[in-house]
Structure formats: structure tokens, C-alpha cells
Amino acid sequence: ELELHPPHFPWAHKGAFSSLDHAAIRRGYEVYRQVCAACHSMDQLAYRHLVNVAYTEDEMKTIAAEAQVEDGPDDDGNMFTRPGKLSDHFPKPYPNEQAARAANAGAYPPDLSLITSARHGGEDYVFSILTGYMDPPAGVEVKDDLYFNPYFPGQSIAMAPALYNEIIEYEDGTPATVTQLAKDVCTFLKWAAEPDHDDRKRMGMKALTLLALLAAASYYYKRHRWSVLK
Ligand code: HEM
């Protein structure tokens, strides 16, 4: 069985000199937090990582404090829960893989920290999975508890469609259509997997500028040096 190859979408960050869309990172984190985080961990991410990327320090402290984090042992040797802090990592939806599989018909929702780097097709693939659900074509059987999605290897996926129009409300008033939600969460996931994306391109720009100047200088110098011998 063949699965469909995702198309190349015109992401705002695709150009050699283009940064990630940080308003989209901010909306995408809302999508992750309110939808995907119910099943998918992001072990590599801590609240502090989003400070000065998509949120102010105060905003992020407020968001972190909404999570209940297990800590301890205290002086009496007891574990306890407390509101989250900037230094905490994102909470895990399940205590371990067995619990995750038990809650998802045996399938394991992979950690999303590096998903756009780990999967062929990157953010095009993730966008296609999220928006690619459809009825199976005539003659194709899909097992109970699975959903037809032509972009997933094997075409049957254990994840139910996660996104619906207006499933969350954006604080900036952006209409929360399925494609908008998918675009934003993919931009957020791209940032999570490549937090140095913008710095890397800015560095590239500096390097090209400097090399161009050096090339011009050495060309001038070479002509100058050799002019008496020609
Ligand atoms: C698989 C993303 C929400 C449960 C996947 C995959 C992606 C993904 C990209 C495919 C991974 C691969 O190639 O191996 C997302 C995003 C979500 C979201 C971005 C939010 C917008 C959810 C929710 C649940 C869930 C809410 C649980 C109710 C699963 C499971 C799998 C999966 C069980 C494994 C499917 C299989 O192996 O057949 N998810 N997901 N996901 N997701 Fe999600």
C-alpha cells in the first residue's frame, strides 16, 4: 500500500532570509496546549523556552502556574504538587508508555518535541496528517478504532481527527479554521524542533554580506597588485 506524499506548502519561513512567523508560534502553542497536549508529550520543552519568543516573561509565568507539577520530596519525605514555574518542562499527558497505549487503542502518541525534524516531509507531513482525514475509498477496509488518512504510513491512523473549526478561540481574534489551526501548530512545532532557526538564517545573512565584501576587496587588491606586470 502506498501513502500520499505531502505537497510543499508555501510556509512563511521557507525563504533563505525568512524568519518563523512568531504570531503563528504563539497561536500554535495555544493549539498544542489545549488540544495536542492531551495525548502528546513535548519532553524537550520548558516554559522558559517561549519567553521572548512568543510571550513575555510575565505572560509565561501565568501560563506555567496553571499547570500542577509534582515536586518533592519535602522535609517530611512526601511528594506534593505545586503550580508550575518557568523552569518546569511541559507536563506529560501519561505517566509512561503503557498508560499512553492503554488510552489510545494500543497506539503510542509520539513525543512532538522533534517531530518536524524526525519525519520525512517535516511540517508539510504534519500539516497533511492533521488536515488529511477523509472517508476511505470504495473497497478499502479500515479497522475498528482506526481512521483513514492517506498521508500516514499504512493509511490507517489511531489518532482521531484532532482539529475542528473553532475547537479553540484565538486571543488575537484570528478565525480558528482547521487549516489555520494546523498551520499555526506546525509553525510552533517547527520552532520547537529548530529553536535556532531564525538565528541561523541571520548568521547566514551576515556571513554572505561579509564574504561579499571580502571578495570585492580581494578582487580589487589582486588587480592592483598585478597591474604593473600585465
Ligand atoms: C499520531 C500530531 C492530537 C493521539 C500523531 C502523528 C502526528 C500527530 C504528526 C503522526 C506521528 C507519526 O508519524 O508517527 C498531533 C497534533 C495534535 C495531535 C499536532 C494536535 C493538533 C492528538 C490527540 C490525541 C492524539 C488529541 C489523542 C486523543 C495520537 C496517537 C497517534 C498520533 C494515538 C499514533 C497513531 C498511530 O500510530 O496510528 N499525532 N496529534 N493526537 N496521535 Fe496525535
Side-chain angles (χ1 to χ4, degrees), residues 1-9 11 13 20-21 24-45 49-50 54 63 67 90-134 136 140-171 174-195:
E1 261 176 307
L2 277 178
E3 66 270 359
L4 281 184
H5 201 81
H8 296 289
F9 293 106
W11 299 95
H13 57 262
L20 287 162
D21 174 351
I25 295 176
R26 184 173 166 125
R27 287 191 302 269
Y29 172 57
E30 261 329 287
V31 180
Y32 170 73
R33 196 161 74 98
Q34 294 190 43
V35 183
C36 328
C39 305
H40 290 275
S41 60
M42 287 188 83
D43 287 344
Q44 309 293 317
L45 274 272
H49 292 142
L50 277 161
I63 290 174
F90 289 1
K92 296 174 192 296
Y94 306 105
N96 53 49
E97 184 175 336
Q98 286 91 324
R101 286 190 187 276
N104 289 282
Y108 183 61
D111 185 88
L112 294 183
S113 307
L114 295 172
I115 197 77
T116 59
S117 301
R119 292 292 180 275
H120 186 68
E123 56 273 38
D124 289 327
Y125 167 72
V126 178
F127 183 95
S128 297
I129 291 283
L130 293 173
T131 58
Y133 290 89
M134 59 179 74
V140 173
E141 286 277 321
V142 179
K143 291 206 190 90
D144 280 355
D145 298 328
L146 297 183
Y147 303 83
F148 185 76
N149 190 318
Y151 298 99
F152 190 68
Q155 302 194 325
S156 290
I157 188 167
M159 173 169 76
L163 298 176
Y164 294 93
N165 289 331
E166 312 288 329
I167 192 171
I168 69 167
E169 198 176 320
Y170 282 132
E171 57 178 359
T174 302
T177 58
V178 168
T179 44
Q180 181 75 48
L181 294 156
K183 184 205 111 176
D184 292 341
V185 81
C186 287
T187 305
F188 165 73
L189 293 171
K190 174 77 176 174
W191 164 79
E194 284 177 57

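Just follow the structure's listing: the first ligand is 1, and inside any ligand the first atom is 1. The shown structure was predicted, so the numbers you read here are calculated from the model rather than taken from an experiment. In what follows, every heavy atom counts, from backbone to side chain, and hydrogens, waters and symmetry copies are set aside.
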Which ligand 1 atoms, with their elements, are less than 4.0 angstrom from a heavy-atom of A158?
-> 35 (C), 36 (C), 38 (O)
Which ligand 1 atoms, with their elements, are less than 4.0 angstrom from a heavy-atom of L163?
-> 21 (C)
Please report which non-hydrogen protein atom sits nearest to atom 12 (C) of ligand 1, along with the residue it belongs to and the distance in Å to one decimal place.
-> R119 NE, 3.1 Å
Report, in ascending order of atom number, the atoms of ligand 1 lying under 4.0 Å from any heavy atom of F152.
-> 10 (C), 12 (C), 13 (O), 36 (C), 37 (O), 38 (O)
Within 4.0 Å of some non-hydrogen atom of L130, the atoms of ligand 1 are 16 (C), 19 (C)
Determine how many protein N/O/S atoms sit closer than 2.8 Å to atom 43 (Fe) of ligand 1, leaving waters out since they are not shown.
-> 2
V35 neighbourhood, listing ligand 1 atoms whose heavy-atom distance to it stays under 4.0 Å | 26 (C)
Tell me, do M159 and I129 make a side-chain contact under 4.5 Å, heavy atoms counted?
-> yes
With Y133, which of F152, Y147, F148 fulfils side chain to side chain contact (heavy atoms under 4.5 Å, CB included)?
-> Y147
Is the shortest distance from a Lys or Arg side-chain nitrogen in E171 or R26 to a carboxylate oxygen in the other one below 4.0 Å?
-> yes
Write out the residue and atom name of the closest protein heavy atom to atom 13 (O) of ligand 1, then the distance separating them to 0.1 Å.
-> Y125 OH, 2.6 Å
How are the rings of F90 and F188 set relative to one another: parallel (under 30°), tilted (30 to 60°) or perpendicular (over 60°)?
-> parallel
Electrostatic pair E30:R33 at N-O distance under 4.0 angstrom | yes
L181 and ligand 1 - part of the residue with a heavy-atom distance under 4.0 Å | neither
Indicate yes or no: does E97 engage R101 in a salt bridge with an N to O separation below 4.0 Å.
-> yes
Does F9 have its ring centroid less than 6.0 Å away from the ring centroid of F127?
-> yes
Do me a favour and list the nearest non-hydrogen protein atom to atom 34 (C) of ligand 1 with residue, atom name and distance?
-> Y108 O, 3.6 Å
Please check if any side-chain donor atom of S41 sits under 3.5 Å from a side-chain acceptor atom of D111, or the reverse.
-> yes
L146 side chain reached by I157 side chain, heavy atoms, under 4.5 Å | no
Pull out every atom of ligand 1 sitting under 4.0 Å from any heavy atom of I157, numbered as shown with elements.
-> 35 (C), 38 (O)
Axial cation check for Y125 ring with R119, 6.0 Å and 45° limits | no
Is the closest heavy atom of Y32 to ligand 1 under 4.0 Å?
-> no
Could you tell me how the ring of Y29 sits relative to the ring of Y32: parallel (under 30°), tilted (30 to 60°) or perpendicular (over 60°)?
-> parallel
